[in-house]
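We name chains A, B, ... by the order of the sequence lines, and we start the count at 1 in each one.
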Amino acid sequence: MNCRQAYRFICDHLDERIASPRCRAIRKHIACCPRCREYLESVKTTVRLYQTAPGPKLPHALHRDLMKSLDTALQPAARKAPRRARR
Amino acid sequence: MRLADQTDQQLIRAARKGDRQAFTALVNRYEETVYRFSFKMCRDPEKAKETLQDTFISVYRKLKTFDGKSKFSTWLYTIVTNNCLMKLRRRKIQELEDPLEVYDDPPGDDGSMRRAPIARWEETPADLLLVKELRSALDTAINKLPVDYRVVFVLRDVEGKSTEETARILHLSVEATKSRLRRARAFLRDQLHPYMVAQRETS
């Protein structure tokens, strides 16, 4: 088991509990290797920061605009392009 | 039964028959999700607004083609994702010239493989997210991530979809999804590395 194999495992699975013998061996390597452990922690922190970063709330004005645009776009007249009058 | 209490399937059936109120109830149920996802992908309020509107117009027009084999939310994510990708590709955002194959290898301390070597990151309590600089570092990093990788990261790690559902939404194989996710995680980690290490040194 080496750091390269552990690296793949870290970025593929983070700390998912996978029971295969290979995954157990990789987890054992990570437990003993400070370098891999630090790396695992930093990748986990990266994912956690993005997960917990607050997303924007839908502004009420946008909800209103959405309803208005749907009304316009989905009216039968809007769905069917009007024919041009022949001369 | 109130419309808000009906299942997605009940609302879809009614909306397909032309019931606009049932469709509005579906919009009310999912507009927040669609907007938040669009914003996280496009990183731009105007693009997120356009994507929100385009997505629900597409949903209404394509509702008859929804076969119910997958969850409605999976189908909806497919539509919103396509809309986001079309907008982002049209905008030609600044992307890395090189693909991210380099992130299949671990970083080296000597910088020979790529930058951002291993070093201990400062502990990051949740309230650190309130720090403007960190939010800016997160934004800058994800903006640099090519959109085909960003979409996998946002669906899988931010929205919490399973690898299989992410693959279905993007019409990718599970293996390709895993490979993009691995590279995206490693890329973002390396992008944040200088900021996190500087945090440690100044604290």
Is there a side-chain contact between A:Lys57 and B:Glu32, using heavy atoms and a 4.5 Å cut-off? yes
Shortest non-hydrogen contact from A:Gly55 toward B:Lys40: CA-CE, 4.1 Å
Point-to-point distance, once rounded to the nearest 0.5 Å, from CZ of B:Arg182 to CG of A:Asp12: 4.5 Å
Part of B:Arg180 lying under 4.5 Å from any heavy atom of chain A: neither
Options B:Leu181, B:Ile142, B:Thr24, B:Val34, ranked by heavy-atom pairs under 4.5 Å with chain A, top entry: B:Ile142
Side-chain heavy-atom pair A:Pro59, B:Tyr35 within 4.5 angstrom cut-off: yes
Given the options B:Leu192, B:Thr163, B:Val154, which has more heavy-atom pairs under 4.5 Å with chain A than any of the others? B:Leu192
Side-chain touch A:Asp71/B:Arg20, heavy atoms, less than 4.5 angstrom: yes
So for B:Leu52, is it side chain, backbone, both, or neither that comes closer than 4.5 Å to the heavy atoms of chain A? both
Return yes when atom CD of B:Gln21 has more than 12 non-hydrogen atoms of other residues, nucleotides or ligands closer than 6.0 Å, and no otherwise. no
Residue among B:Arg185, B:His193, B:Met196, B:Arg189 satisfying side-chain contact (heavy atoms from CB on, under 4.5 Å) with A:Thr46: B:Arg189
Under a 4.5 Å cut-off applied to non-hydrogen side-chain atoms, are A:Met67 and B:Val27 in contact? yes
Keeping B:Glu31 on the side-chain end and A:His63 on the backbone end, is there a donor-acceptor pair under 3.5 Å? no
Contact part of B:Phe56 toward chain A, heavy-atom cut-off under 4.5 Å: side chain, backbone, both or neither? both
Under a 4.5 Å heavy-atom cut-off, does chain A meet the side chain of B:Ala48, its backbone, both or neither? neither
Just wondering, do B:Phe23 and A:Leu70 contact through their side chains at under 4.5 Å, heavy atoms? yes
A:Tyr50 side chain to B:Asp157 main-chain N or O, any donor-acceptor pair under 3.5 Å? no
Scanning both residues in full, the closest heavy-atom pair of B:Lys49 with A:Leu62 reads CG-CD2, 3.2 Å
Contact part of B:Phe153 toward chain A, heavy-atom cut-off under 4.5 Å: side chain, backbone, both or neither? side chain
